Amino acid sequence: MDPLDTLEATIRARRGADPASSYTASLFARGRGRIAQKFGEEAVETVIAACGADPAKIVPEAADLLFHLLVLLADAGLSLDDVRAELTRREGVSGHDEKAAR
């Protein structure tokens, strides 16, 4: 199984867990605003790492970013499959054209 699919399943399983025993459950308990905030923080940390001299520092930040994105998607009742479907829809479409159509 793909590691992102495995992580997504783990995140969904933790949704109803005790927030005191699971970081993921604690994010769900604090609500979408907090989840989105954490996602934003991780995005900034990824950008900072990307601007640094050591490309290897991007990897752990990108992992944190993906984790928080998956939590955000799960909270919204969405999944990686929804994102995959959107990427498939956009395949073969110019980025400029896709953005103009929004």
Side-chain angles (χ1 to χ4, degrees):
M1 186 180 241
D2 179 274
L4 290 176
D5 291 329
T6 301
L7 178 58
E8 183 176 51
T10 300
I11 287 168
R12 290 184 184 287
R14 302 244 169 97
R15 188 167 192 161
D18 177 8
S21 66
S22 166
Y23 173 70
T24 305
S26 73
L27 285 172
F28 284 125
R30 293 182 73 185
R32 190 169 306 157
R34 178 61 177 153
I35 296 167
Q37 180 184 5
K38 285 300 296 178
F39 177 72
E41 289 170 10
E42 297 303 338
V44 170
E45 290 173 12
T46 302
V47 168
I48 291 168
C51 292
D54 184 1
K57 291 188 176 181
I58 300 169
V59 173
E61 297 302 339
D64 290 346
L65 182 65
L66 288 171
F67 167 80
H68 286 88
L69 175 59
L70 291 174
V71 174
L72 184 61
L73 289 170
D75 189 70
L78 301 168
S79 70
L80 279 173
D81 285 341
D82 296 305
V83 176
R84 287 181 181 110
E86 177 63 13
L87 292 171
T88 298
R89 184 191 68 76
R90 293 181 184 187
E91 195 170 307
V93 177
S94 158
H96 294 296
D97 292 341
E98 191 282 325
K99 189 161 187 138
R102 285 193 233 169

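As the structure is a prediction and not an experimental result, all values here were calculated from the model.
- Here the CG atom belonging to Asp75 is positioned 10.0 Å from the CZ atom belonging to Arg12, to the nearest 0.5 angstrom.
- Atom CG in Leu69 sits 11.5 Å away from atom CD1 in Ile35 (nearest 0.5 Å).
- The minimum heavy-atom distance between Val71 and Phe28, with the atom names listed, is O-CE2, 3.7 Å.
- Cluster annotation: Ile48 is not connected to Phe67 through the hydrophobic network of ILVMFWY side chains, with a link wherever side-chain heavy atoms come within less than 4.5 Å.
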Could you walk me through whether Leu80 and Leu4 pass the side-chain contact (heavy atoms from CB on, under 4.5 Å) check? CA-CA 8 Å; Leu80 279 173; Leu4 290 176; 3.7 Å; yes

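- The two residues Pro19 and Ala29 make their nearest non-hydrogen contact at CG-CB, 3.8 Å.
- The local environment of CD in Glu91 is sparse, with at most 12 non-hydrogen atoms from other residues, nucleotides or ligands closer than 6.0 Å.
- Residues passing the side-chain contact (heavy atoms from CB on, under 4.5 Å) test with Glu45 are Glu42, Glu61, sequence neighbours excluded.
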Please assess Glu8 against Ile11 for the test side-chain contact (heavy atoms from CB on, under 4.5 Å), listing each intermediate value before the final yes or no. CA-CA 5 Å; Glu8 183 176 51; Ile11 287 168; 5.7 Å; no

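- Atoms OG1 and CG, on Thr10 and Asp5 in that order, are 10.5 Å from each other to the nearest 0.5 Å.
- Not counting sequence neighbours, the partners of Arg30 by the side-chain contact (heavy atoms from CB on, under 4.5 Å) test are Arg34.
- There is no path of hydrophobic side-chain contacts, each under 4.5 Å, that joins Val44 to Leu66.
- Nearest heavy-atom pair across Arg32 and Ala76 is NH2-CA, 3.2 Å.
- A pairwise comparison of heavy atoms in Asp81 and Arg84 identifies OD1-NH1, 2.9 Å as the closest pair.
- Atom CG of Leu27 is separated from atom CG of Leu72 by 10.5 Å, given to the nearest 0.5 angstrom.
- Note: the hydrophobic cluster containing Val59 does not contain Leu70 (ILVMFWY, side chain heavy atoms under 4.5 Å, direct or indirect links).
- By the rule that hydrophobic residues join a cluster once side-chain heavy atoms approach within less than 4.5 Å of another member, Leu73 and Met1 end up as members of separate clusters.
- Across Ser22 and Ala25, no two heavy atoms sit closer than the pair OG-N, 3.1 Å.
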